[in-house]
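Step one of this worksheet: look at the structure below.
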Amino acid sequence: MSATRYTYLGPEGTFTEAALRTLPEAATRELIPMVSVPAALDAVRNGDAAAALVPIENSVEGGVTATLDELASGEPLMIYREVLLPITFALLVRPGTELSAVKTVTGHPVAQPQVRNWLRTHLPDALWESAASNADGARLVQEGRFDAAFAGEFAAATYGLTPLVTEIHDAENAETRFVLVGRPARPASPTGADKTSVVIWLGDDRPGALLELLQEFAVRGVNLMLIQSRPTGAGIGNYCFAVDAEGHISDRRVGEALMGLKRICPKVRFLGSYPRAGVSAADAGQLRAGTSDAEFIEAADWLARSQDGRT
């Protein structure tokens, strides 16, 4: 395995690359752009890279299905870190292009809902066609296949383009969450402001099946930060659920919730426990009464005393 190589969703100039370069260790790693999320993750699986950074959630569009599906299938991988990156777009064009000359535009499919209103107002007749990534859209403009691309302003220099309009976004404070993914190993120690990610498969499609799953978290006071259904490919009505829960697998409330899920679900895939981006232990807030490790331990001691006749 190449311990000094990180892959990311390329090509050069993507928001994913920008997010990766915010990590301190990126300065000492060889950063390799890949053509797709599966390609970036497969490089980790086959030992060509130590880790991959890929997008997993957008505040406007929700979960990134390519990443969720890839983490749910194939050889297991683990999330070790997350990165939050504010997202604004620039309209990149070849030098000399005026706005009135823009008839075709491109960008990643996730970008379109974030610039739809701007397009309707400023380029109502422009034809949109999706690209593999925003940076790939910039490359297509460079090659003359489109008039303009929505991408990060930082991609302009890479592809010899001009930012015709900057700071484009329909939603204020839009951001994308990225995850650093490696091969499974022991999770890092809890920080007091952590997140645990799992994929859960339902046993059958029946009334109350999802509620039963959610109750494993609810009765233990575990807050869910994301839950998204994804088809398993086994036919209509067969779904798995990607879940982000507040807390660390070593926290009693989280560990017991996962054990409960393992008892009632045919398959549970642990994707990692890792620090929440931009949140400290002091910011994480107070636990609900009855859900701290100390209270779980006290309850276990009470049960043991009761079983021994010492109550």
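Small disclaimer: the values here were computed from a predicted structure and weren't measured.
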Going by an N to O cut-off under 4.0 Å, is there a salt bridge joining R5 and E30?
yes

Linking Ile, Leu, Val, Met, Phe, Trp and Tyr through side-chain heavy atoms less than 4.5 Å apart, which residues share a cluster with M225?
none

Got a sec, which hydrophobics cluster with V64, joining ILVMFWY side chains under 4.5 Å apart, including via others?
none

G247 and T196: which non-hydrogen atoms are nearest, and at how many Å?
O-OG1, 2.7 Å

Would you please name every residue forming a side-chain contact (heavy atoms from CB on, under 4.5 Å) with P33, sequence neighbours left out?
Y8, E12

May I ask you to test the K267-V199 pair for a side-chain heavy-atom distance under 4.5 Å?
no

Verify same cluster id: L71, L226 (apolar side-chain graph, 4.5 Å)
no

With salt bridge (charged side-chain N to carboxylate O under 4.0 Å, His left out) as the criterion, how do K103 and D147 come out once you've worked through the C-alpha distance, each side chain's angles and the decisive distance to 0.1 Å?
CA-CA 6 Å; K103 306 300 181 184; D147 296 325; over 6 Å; no

Residues pairing under salt bridge (charged side-chain N to carboxylate O under 4.0 Å, His left out) where one sits in residues 123-135, two or more places apart or in two chains, turn out to be none

Shortest non-hydrogen contact between V60 and A171, atoms and distance
CG2-CB, 3.8 Å

Kindly write out the residues that satisfy salt bridge (charged side-chain N to carboxylate O under 4.0 Å, His left out) with E295, not counting sequence neighbours, or none if the list is empty.
none

May I ask you to test the F296-R220 pair for a side-chain heavy-atom distance under 4.5 Å?
yes

Closest heavy-atom contact between A281 and T191?
CB-O, 3.5 Å

T291 side chain to L287 backbone, donor-acceptor under 3.5 Å:
no

Worked verdict on R81 versus E25 for salt bridge (charged side-chain N to carboxylate O under 4.0 Å, His left out)
CA-CA 12 Å; R81 186 177 297 183; E25 63 266 37; 3.0 Å; yes

Kindly write out the residues that satisfy ring-ring contact (aromatic ring centres under 6.0 Å, His included) with F89, not counting sequence neighbours, or none if the list is empty.
F15

Near N46 CG, under 6.0 Å, is it more than 12 heavy atoms from other residues, nucleotides or ligands?
yes

Please examine the side chains of Q228 and L68, heavy atoms only from C-beta on, and report whether any two atoms are closer than 4.5 Å.
yes

With sequence neighbours left out, what residues match L99 under side-chain contact (heavy atoms from CB on, under 4.5 Å)?
L91, W118, L123, L164

Pick out which of N134, V35, D136 makes a side chain to side chain contact (heavy atoms under 4.5 Å, CB included) with P11.
D136

For the atom pair CD1 (I87) and CG (N58), what is the distance rounded to the nearest 0.5 Å?
7.0 Å

Between A138 and L92 the two heavy atoms that sit nearest each other are CB-CD1, 4.2 Å

When you compare the side chain of T97 with that of T162, does any pair of heavy atoms fall below 4.5 Å?
no

In terms of side-chain geometry, is the basic nitrogen of R45 or D42 positioned less than 4.0 Å from the acidic oxygen of its partner?
yes

pair P231-N238: side-chain heavy atoms closer than 4.5 Å:
no

D251 side chain vs H248 backbone, donor-acceptor pair below 3.5 Å
yes

Is it the case that the side chain of S59 and the backbone of A174 share a donor-acceptor pair, with hydrogens and angles ignored and the cut-off at 3.5 Å?
no

Using only atom types and a distance under 3.5 Å, with no angle test, would you say the side chain of D170 pairs donor to acceptor with the backbone of N117?
yes

R269: salt bridge (charged side-chain N to carboxylate O under 4.0 Å, His left out) partners, not counting sequence neighbours
none

Within the distance-only criterion (no hydrogens, no angle test), does the side chain of E212 pair as donor or acceptor with the backbone N or O of G208 below 3.5 angstrom?
no

Are any of the side-chain heavy atoms of E175 and L85 separated by less than 4.5 Å?
no

Using side-chain contact (heavy atoms from CB on, under 4.5 Å) as the criterion, list what pairs up with E82, not counting sequence neighbours.
R177, V179, K195, Y274, R276, A277

Distance-only, no hydrogens or angles: does the T67 side chain make a donor-acceptor pair with backbone N or O of P55 under 3.5 Å?
yes

Any side-chain heavy atom of L303 within less than 4.5 Å of one from R305?
no

Co-members of L213 in a cluster of I, L, V, M, F, W and Y side chains, linked at under 4.5 Å:
M78, Y80, V198, I200, L202, L210, L214, F217, V222, L224, I227, Y239, F241, V243, I249, V254, L258, L261, V268, F270

Can you check side-chain hydrogen bond (donor to acceptor under 3.5 Å, both in side chains) on S197 and D244, steps first, answer last?
CA-CA 4 Å; S197 297; D244 287 344; 2.6 Å; yes

Any chance CD of E298 has more than 12 other-residue heavy atoms, nucleotides or ligands included, within less than 6.0 Å?
no

Under the rule for side-chain contact (heavy atoms from CB on, under 4.5 Å), what residues qualify as partners of A149, not counting sequence neighbours?
T106, V141

Between E143 and R94, is any pair of side-chain heavy atoms under 4.5 Å apart?
no

In this structure, CG of L53 is separated from CG of L20 (nearest 0.5 Å) by 5.0 Å

With R252 via salt bridge (charged side-chain N to carboxylate O under 4.0 Å, His left out) - residues at least two apart
none

Just by modelled atom types, is the G10 backbone N or O under 3.5 Å from a matching donor or acceptor in the T14 side chain?
no

